[in-house]
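In listed order, ligands and their atoms are each counted from 1. Predicted, not measured: the structure shown is a model, and the values here were computed from it.
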Amino acid sequence: MVDSNCIFCKIANGEIPSKTVYEDERFRAILDISPANRGHVIILAKNHAANIFEMSDEDASQVYVVAKKVATAMQKVLKFDGVNIMQNNGEIAGQTVFHHHMHVIPRYKNDKVTFEYEHLSEGDILGDEEVAQIRALAQG
Ligand code: AMP
Ligand code: ZN
C-alpha cells in the first residue's frame, strides 16, 4: 500500500525522481540527499510501512538481501573499507522520515562518521523473567 502523504512512497514508486542505484518490484535504493559519508544510500520499500513493526514479513526478509546486493556493488565501485547497514525506528532512535528505510553507509579509513554510545554496566542487563517473556513472544 502507498501513503499519498509520504514522500518516500512517492520516491520509491518513481513519482518523484531520485538517483537510483537499484530497483526491483519491491524496493528502490537511492542516494541519500544529506549523506553521512560518500556513497550513503537508503533502501526504500515500495509498500508503505512506517517502521519495522509495520513492515510485511516479505519486505522485512528481502530488504537485507537488497542491502547485500547494493553494498557489494558499491564496494566494487567506491572501494570503501567498511560499511554500516542500519535502520532507525522511532524518533528516539533517530528516525526522521516515517517510512521504513535501510541505510547503507560506506566507511573509509580515517573518516569522521561516529555511532558512539557508552556501554551499560553489567547491572543493567535484563532479568531472567524479561528474557523468558521476550523469548515466549518472539518464538510464538
Ligand atoms: P532517518 O533519520 O533514519 O529517518 O533517515 C532519514 C534519511 O533520509 C536521512 O539520512 C535524510 O538525509 C534522508 N532523506 C530525507 N529526505 C530525502 C530525500 N528527499 N531524498 C533522499 N534522501 C532523503
Ligand atoms: Zn511511505
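Nearest heavy-atom pair, F27 versus V66, reported as atom, atom and distance to 0.1 Å: CD1-CG2, 3.6 Å. Here the closest non-hydrogen pair linking R28 and N13 is NH2-C, 4.1 Å. For the pair V2 and C9, the tightest heavy-atom approach, listed with the atom from each and the gap, is CG1-CB, 3.7 Å.
Between G94 and ligand 1, an N or O atom pair is found at a separation short of 3.5 Å.
Here the heavy atom of the protein found nearest to atom 19 (N) of ligand 1 is I11 CD1, 3.6 Å. Nearest protein heavy-atom contact of atom 22 (N) of ligand 1 is I33 N, 3.1 Å. The protein heavy atom nearest to atom 7 (C) of ligand 1 is D32 OD2, 3.5 Å. The single protein non-hydrogen atom nearest to atom 4 (O) of ligand 1 is T96 N, 2.7 Å, given as residue, atom name and distance. Among all protein heavy atoms, the one lying closest to atom 16 (N) of ligand 1 is F8 CE1, 3.8 Å.
In this structure, H101 has its ring center at least 6.0 angstrom away from the ring center of H99.
With the Zn ion (ligand 2) as the vertex, ND1 of H99 and SG of C9 span 110° to the nearest 10°. Around the Zn ion (ligand 2), the two atoms ND1 of H48 and SG of C6 are separated by an angle of 110°, to 10 degrees.
A salt bridge is absent between E130 and R135: the closest approach of a Lys/Arg side-chain nitrogen to an acidic carboxylate oxygen does not fall below 4.0 angstrom.
The closest side-chain heavy-atom distance from I105 to F115 is below 4.5 Å.
With hydrogens and angles disregarded, a donor-acceptor distance shorter than 3.5 Å links the side chain of K46 to the backbone of D24.
Not a single heavy atom of F98 lies less than 4.0 angstrom from ligand 1. For the ligand labelled ligand 1, residue I16 lies outside the 4.0 Å heavy-atom shell.
The ligand atoms of ligand 1 that sit less than 4.0 angstrom from a heavy atom of I30 are 21 (C). Each of the atoms 12 (O) of ligand 1 lies under 4.0 Å from some heavy atom of S34. Of all the atoms in ligand 1, the ones that sit under 4.0 Å from a non-hydrogen atom of H103 are 1 (P), 3 (O), 5 (O), 7 (C), 10 (O). Atoms of ligand 1 lying under 4.0 Å from at least one heavy atom of H101, given by number and element, are 1 (P), 3 (O), 4 (O), 5 (O), 6 (C). The I42 neighbourhood of ligand 1 comprises atoms 8 (O), 22 (N), with distances under 4.0 Å to a heavy atom of that residue.
I33 and I16 sit in two unconnected hydrophobic clusters of ILVMFWY residues. Membership requires side-chain heavy atoms under 4.5 Å apart, directly or through other members.
Of the options H100, Q95, H103, a side chain to side chain donor-acceptor pair (under 3.5 Å) to Q87 is made by H100 and by none of the others.
Side-chain atoms of N84 and R107 form a donor-acceptor pair, as typed in the model, at a separation below 3.5 Å.
By the criterion of a heavy-atom distance under 4.0 Å, the backbone of L31, and not its side chain, is placed next to ligand 1.
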